[in-house]
Amino acid sequence: MTAASEEARESGPAFDPWDPAFVDDPYPAFAELRARGRVLYYEPSDQWLVPHHADVSALLRDRRLGRTYQHRFSHEDFGRTPPPPEHEPFHTLNDHGMLDLEPPDHTRIRRLVSKAFTPRTVERLKPYVHGLADDLVSRLVAAGGGDLLTDVAEPLPVAVIAEMLGIPESDRAPLRPWSAAICGMYELNPSEETAAQAVRASLDFSEYLRTLIAARRKDPGDDLISGLIAAHDEDDDRLTEQEMISTCVLLLNAGHEATVNATANGWLALFRNPGQLAALRADHALVPSAVEELMRYDTPLQLFERWVLDEIEIDGTTLPRGAEVAMLFGSANHDPAVFADPERLDVSRRDNPHISFSAGIHYCIGAPLARIELAASMTSLLERAPGLRLAAEPERRPNFVMRGLTELRVEV
């Protein structure tokens, strides 16, 4: 290890993802991390933290890093202990989704799935998304207020991705709880109880989809699951059944988790910056730039992990093969080297190369749809609830990696 690496180990960054005060507002600590260096070792999670925008952006595209190492190495090669056998249902489900695969498997699956997310297909969904957003907001207004999280932010993207997949409306109630349980495993050092909940959800979700896929084989519809089955039957780049199940789970989890949290985080940021909310209410043409700025300002996905497949050097620090890198999206999105006055919310910000949707081969395939959903709910709330205000101080979820709220009480 280089002298710079030793110094990075000894300095110890101001980073504590289990501290409620840090989770509430990690951005001052991110500024300290950026001042300390370009890469810093964090012993509690055995990861190298990367806080600068330029480095995060470059590493997301660097093929010396990967979301997995098992396409090239064993757990023993990397000095890692295999997951406990009782966690296997979660890892079977997770490890066959394209987010945790590398080429050629990632390329094969993404090529098939991307057919459902063409610009034309996403554009066709606009009327459905806007109609659903208007309906949800109208109900909120009729009730005089409520929980913006459960009344609008959650049901909109869940319904959209479930509709795309062809999941009947009567079957959708468990989707969000299953997703939340599975996503708990993406936090740093998850507890055994978190793992047990993820395993149960993985088993239940997989069994449900296995049954639904069998039904679609017998009676295909105009939905994504039927399309994946057809591709499996006709295309050389076919999916295994496990890949199909894992892909559907990934699309549902990723297809709403970030959008839900971006909506809640975004509206809380607007309530706390009344001047920017007033500007948005005065000019709805600012909605597209406001969506991008709110994604940057309070990033729904704070950390993205990659494995070092081949030794890499960052600013004199050598990261050996087998090391794990934690790219801090929230810090990168507040880097003053890229964003003017980054701690200020500016809904009219034009130069905004945030990385909230990642980059490289793992760039979010559903980003165009997420933008439509975020813009639709924001526009509907601005139009139908112009006097919307915060009714109670919200509480943050204790999670760091996926940043969100437990509720967002509002009144009209």
Side-chain angles (χ1 to χ4, degrees), residues 15-20 22-23 26 42-49 66-71 73-102 154 158 173-210 242-243 245-258 260-261 300-307 322-329 362 395-406:
F15 178 84
D16 187 353
W18 301 282
D19 177 7
F22 172 85
V23 171
Y42 186 60
E43 194 274 336
S45 63
D46 190 21
Q47 293 175 318
W48 292 90
L49 307 180
R67 277 291 291 176
T68 183
Y69 53 78
Q70 294 185 68
H71 60 307
F73 306 101
S74 68
H75 292 302
E76 291 73 21
D77 291 335
F78 264 37
R80 300 281 163 177
T81 303
E86 60 269 24
H87 295 180
E88 189 54 40
F90 165 79
H91 290 286
T92 296
L93 181 63
N94 182 73
D95 296 352
H96 287 82
M98 63 182 172
L99 182 61
D100 281 80
L101 291 172
E102 292 295 307
E154 284 183 356
V158 170
L175 298 180
R176 175 68 175 162
W178 282 340
S179 174
I182 290 169
C183 289
M185 285 293 275
Y186 304 139
E187 295 299 318
L188 299 178
N189 300 351
S191 68
E192 277 306 310
E193 177 55 30
T194 297
Q197 291 173 358
V199 167
R200 286 195 295 270
S202 298
L203 288 168
D204 292 343
F205 209 162
S206 296
E207 184 56 34
Y208 170 76
L209 285 169
R210 192 170 284 109
Q242 183 58 59
E243 287 173 340
I245 291 169
S246 296
T247 295
C248 291
V249 170
L250 172 64
L251 288 174
L252 192 127
N253 291 355
H256 80 271
E257 196 72 35
V260 170
N261 293 331
L301 178 64
Q302 289 281 323
L303 179 151
F304 193 68
E305 298 164 324
R306 302 286 290 277
W307 294 99
E324 190 174 25
V325 177
M327 288 168 279
L328 300 177
F329 284 11
H362 292 294
E395 181 180 334
R396 283 221 166 265
R397 292 164 56 191
N399 305 341
F400 163 65
V401 174
M402 294 190 173
R403 180 169 172 79
L405 303 172
T406 57

*Asks:* If we only count heavy atoms from C-beta on, is the L99 to F304 side-chain gap below 4.5 Å?
*Replies:*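 Touching, per the 4.5 Å side-chain cut-off.
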*Asks:* Considering non-hydrogen atoms only, spot the tightest contact between P190 and G184 and give its length.
*Replies:*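 For P190 and G184, the tightest heavy-atom pair comes out as CB-O, 3.9 Å.
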*Asks:* Does any part of the side chain of V23, heavy atoms only, come nearer than 4.5 Å to the side chain of W18, both counted from C-beta?
*Replies:*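 In short, these two side chains do not touch, never coming nearer than 4.5 Å.
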*Asks:* Would you give the length of the straight line joining atom CD of Q242 to atom NE2 of H96, rounded to the nearest 0.5 angstrom?
*Replies:*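 So the CD of Q242 and the NE2 of H96 are separated by 5.5 Å.
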*Asks:* Is the backbone N or O of H91 less than 3.5 Å from a side-chain atom of N94, with the two atoms forming a donor-acceptor pair by type?
*Replies:*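 Pair absent, no side-chain N/O of N94 close to backbone of H91.
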*Asks:* Write down the atom of N261, the atom of P300, and the distance for their closest heavy-atom approach.
*Replies:*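 Shortest heavy-atom contact: CB-CB, 3.9 Å.
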*Asks:* Return a table of donor-acceptor pairs under 3.5 angstrom between the side chains of residues 78-90 and protein atoms on other chains or two or more places apart.
*Replies:*
{"from": "R80", "atom 1": "NH2", "to": "G322", "atom 2": "O", "distance (Å)": "3.3"}
{"from": "H87", "atom 1": "NE2", "to": "E192", "atom 2": "OE1", "distance (Å)": "3.3"}
{"from": "E88", "atom 1": "OE2", "to": "T92", "atom 2": "OG1", "distance (Å)": "2.9"}

*Asks:* Can you list the steps and then say if E324 with D46 is a side-chain contact (heavy atoms from CB on, under 4.5 Å)?
*Replies:* CA-CA 7 Å; E324 190 174 25; D46 190 21; over 6 Å; no
*Asks:* Could you please spell out the steps behind the side-chain contact (heavy atoms from CB on, under 4.5 Å) verdict for E257 and I182?
*Replies:* CA-CA 11 Å; E257 196 72 35; I182 290 169; over 6 Å; no
*Asks:* Please name all residues satisfying side-chain contact (heavy atoms from CB on, under 4.5 Å) with P174, sequence neighbours left out, ordered by chain then number.
*Replies:*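 Counting only residues at least two positions away or on another chain, P174 forms a side-chain contact (heavy atoms from CB on, under 4.5 Å) with W178.
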*Asks:* Of all heavy-atom pairs between P26 and R403, which one has the smallest distance, and what is that distance?
*Replies:*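 Residues P26 and R403, closest heavy atoms: CD-NH1, 3.6 Å.
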*Asks:* Look up atom CG in L209 and atom SG in C248, then write down how far apart they are to the nearest 0.5 Å.
*Replies:*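 SG of C248 is found 5.5 Å from CG of L209.
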*Asks:* Does the side chain of N399 reach to within under 4.5 Å of the side chain of Q302, using non-hydrogen atoms?
*Replies:*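 Not in contact.
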*Asks:* Check the orientation of F22 and F15. Use parallel for under 30°, tilted for 30 to 60°, and perpendicular for over 60°.
*Replies:*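 Ring orientation, 0 to 90° scale: perpendicular.
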*Asks:* Got D16 and Y42 here, is their nearest side-chain heavy-atom distance under 4.5 Å?
*Replies:*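 Answer yes - side chains close enough.
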*Asks:* Do M327 and Q47 have side chains that approach each other closer than 4.5 Å (heavy atoms only, starting at C-beta)?
*Replies:*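 Sidechains of Q47 and M327: no contact.
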*Asks:* Drop me the distance from I245's CD1 to R210's CZ, to the nearest 0.5 angstrom.
*Replies:*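 Result: 4.0 Å between the selected atoms.
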*Asks:* Donor-acceptor check, side chain of T406 to backbone of R397, threshold 3.5 angstrom: yes or no?
*Replies:*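 Not confirmed, T406 side chain does not pair with R397 backbone.
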*Asks:* For S179 and N253, what are the C-alpha separation, side-chain angles and deciding distance, and is it a side-chain hydrogen bond (donor to acceptor under 3.5 Å, both in side chains)?
*Replies:* CA-CA 5 Å; S179 174; N253 291 355; 3.0 Å; yes
*Asks:* Distance from L175 atom CG to E154 atom CD, nearest 0.5 Å?
*Replies:*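 The CG atom of L175 sits 11.5 Å away from the CD atom of E154.
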*Asks:* Would you say E187's side chain and V401's backbone share a donor-acceptor pair under 3.5 angstrom?
*Replies:*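 Such a contact is found between E187 side chain and V401 backbone.
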*Asks:* Residues in side-chain contact (heavy atoms from CB on, under 4.5 Å) with Q197, at least two apart?
*Replies:*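 Counting only residues at least two positions away or on another chain, Q197 forms a side-chain contact (heavy atoms from CB on, under 4.5 Å) with A181, E193, R200.
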*Asks:* Counting C-beta onward and ignoring hydrogens, is there a side-chain heavy-atom pair between H75 and Y69 closer than 4.5 Å?
*Replies:*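 Contact flag for H75/Y69 side chains = yes.
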*Asks:* Side chains of D95 and T68, heavy atoms from C-beta outward: is any pair under 4.5 Å?
*Replies:*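 They are not in contact (no side-chain heavy atoms under 4.5 Å apart), so the answer is no.
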*Asks:* So which heavy atom on M185 is nearest to which on T194, and how close?
*Replies:*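 Where M185 meets T194 most closely, the heavy atoms are N-CG2, 4.1 Å.
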*Asks:* Using a 4.5 Å cut-off on heavy atoms from C-beta on, say whether the side chain of R306 contacts that of R67.
*Replies:*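 Side chain of R67 against side chain of R306, heavy atoms only: contact under 4.5 Å found.
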